[in-house]
Amino acid sequence: MKKIYFVRHAKATGQEPDARLTDEGIQQAEQLADFMENVGVEYIVSSPWERAVRTIQPLAERKQLQVYTDLRLQERVLSHEHLDHWMDVLKQTYLDEDFKLEGGESSREAADRGIQLVQELIERTEKTIIIVTHGALLSLLIRHYDSQFGFEEWKTLSNPDVYLLEIKEAEAQIRRVWTTE
């Protein structure tokens, strides 16, 4: 059985690619390392954005694993323009997967790049893999395996958050495994 853990980054100072983890986010990264220490991870791939790499770094150091980065895991861009009503736009992208603004990407485009990477990872020999990404892209990856996951479910994601995709033969199931207790 192949196991792929989808991880959303810990709390950060902003949305920019170089946004750092907050002090709370640094503590969350340590909690995440404690939580995932015994899952048997063999391979880690992350968005190249600072907050994603820093979220998984404590676990990678404990396990003496390299964190590989892949541009396909960076956050989806709604628009290159500032949007005062970005929540409305984001909601629309869940209702219409092909909807996009100038300079942005549709839900379908973002999901396709992420799923392409997931398919490549499924073909790898490692049995347990961690993917580290961002909230919107994470929700689209989950939605690929659970069509009921949408805008309202995206709003419930935490920083960090962890979902487990288990693949056995042709069957794939995804579920939330992160607990903050």
Salt bridge (Lys or Arg N to Asp or Glu O under 4.0 Å): pairs with one or both residues in residues 76-92, sequence neighbours excluded:
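Counting only pairs at least two positions apart or across chains, no salt bridge (Lys or Arg N to Asp or Glu O under 4.0 Å) contact touches residues 76-92.
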Could you check whether any side-chain N or O of Ser158 sits under 3.5 Å from a backbone N or O of Pro160, counting only pairs where one atom can act as donor and the other as acceptor?
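At least one qualifying donor-acceptor pair exists.
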Holding to salt bridge (charged side-chain N to carboxylate O under 4.0 Å, His left out), I want the full list of residues that pass it with Glu42, two or more places apart in sequence or in another chain.
none
Once salt bridge (charged side-chain N to carboxylate O under 4.0 Å, His left out) is applied, do any residues pair with Arg62, and if so which ones, sequence neighbours excluded?
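Listed in chain order: Glu30, Asp34, Glu37.
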Quick one: side chain to side chain contact (heavy atoms under 4.5 Å, CB included) partners of [X], sequence neighbours excluded?
{"X": "Ile26", "answer": "Leu21, Asp23"}
{"X": "Lys155", "answer": "Met87, Phe151, Glu152"}
{"X": "Glu24", "answer": "Lys11, Thr22, Gln28"}

Is the Trp178 ring parallel, tilted or perpendicular to the Phe35 ring (thresholds 30°, 60°)?
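Aromatic pair Trp178/Phe35 classed perpendicular.
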Name the residue from Lys127, Arg175, Lys2 that meets the salt bridge (Lys or Arg N to Asp or Glu O under 4.0 Å) definition with Glu166.
Arg175
Would you mind checking if Arg176 and Glu153 are paired as a salt bridge, meaning a charged N to carboxylate O distance below 4.0 Å?
no
Trace of the salt bridge (charged side-chain N to carboxylate O under 4.0 Å, His left out) decision for Arg51 with Glu75:
CA-CA 11 Å; Arg51 60 190 178 271; Glu75 183 62 293; 5.7 Å; no
For the residue pair Trp49 and Val132, establish whether any side-chain heavy-atom pair is separated by less than 4.5 Å.
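Not in contact.
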Minimum side-chain heavy-atom gap Phe99-Val89 below 4.5 Å
yes
For Val67 against Ser46, the heavy-atom pair lying closest together
CG1-CB, 3.8 Å
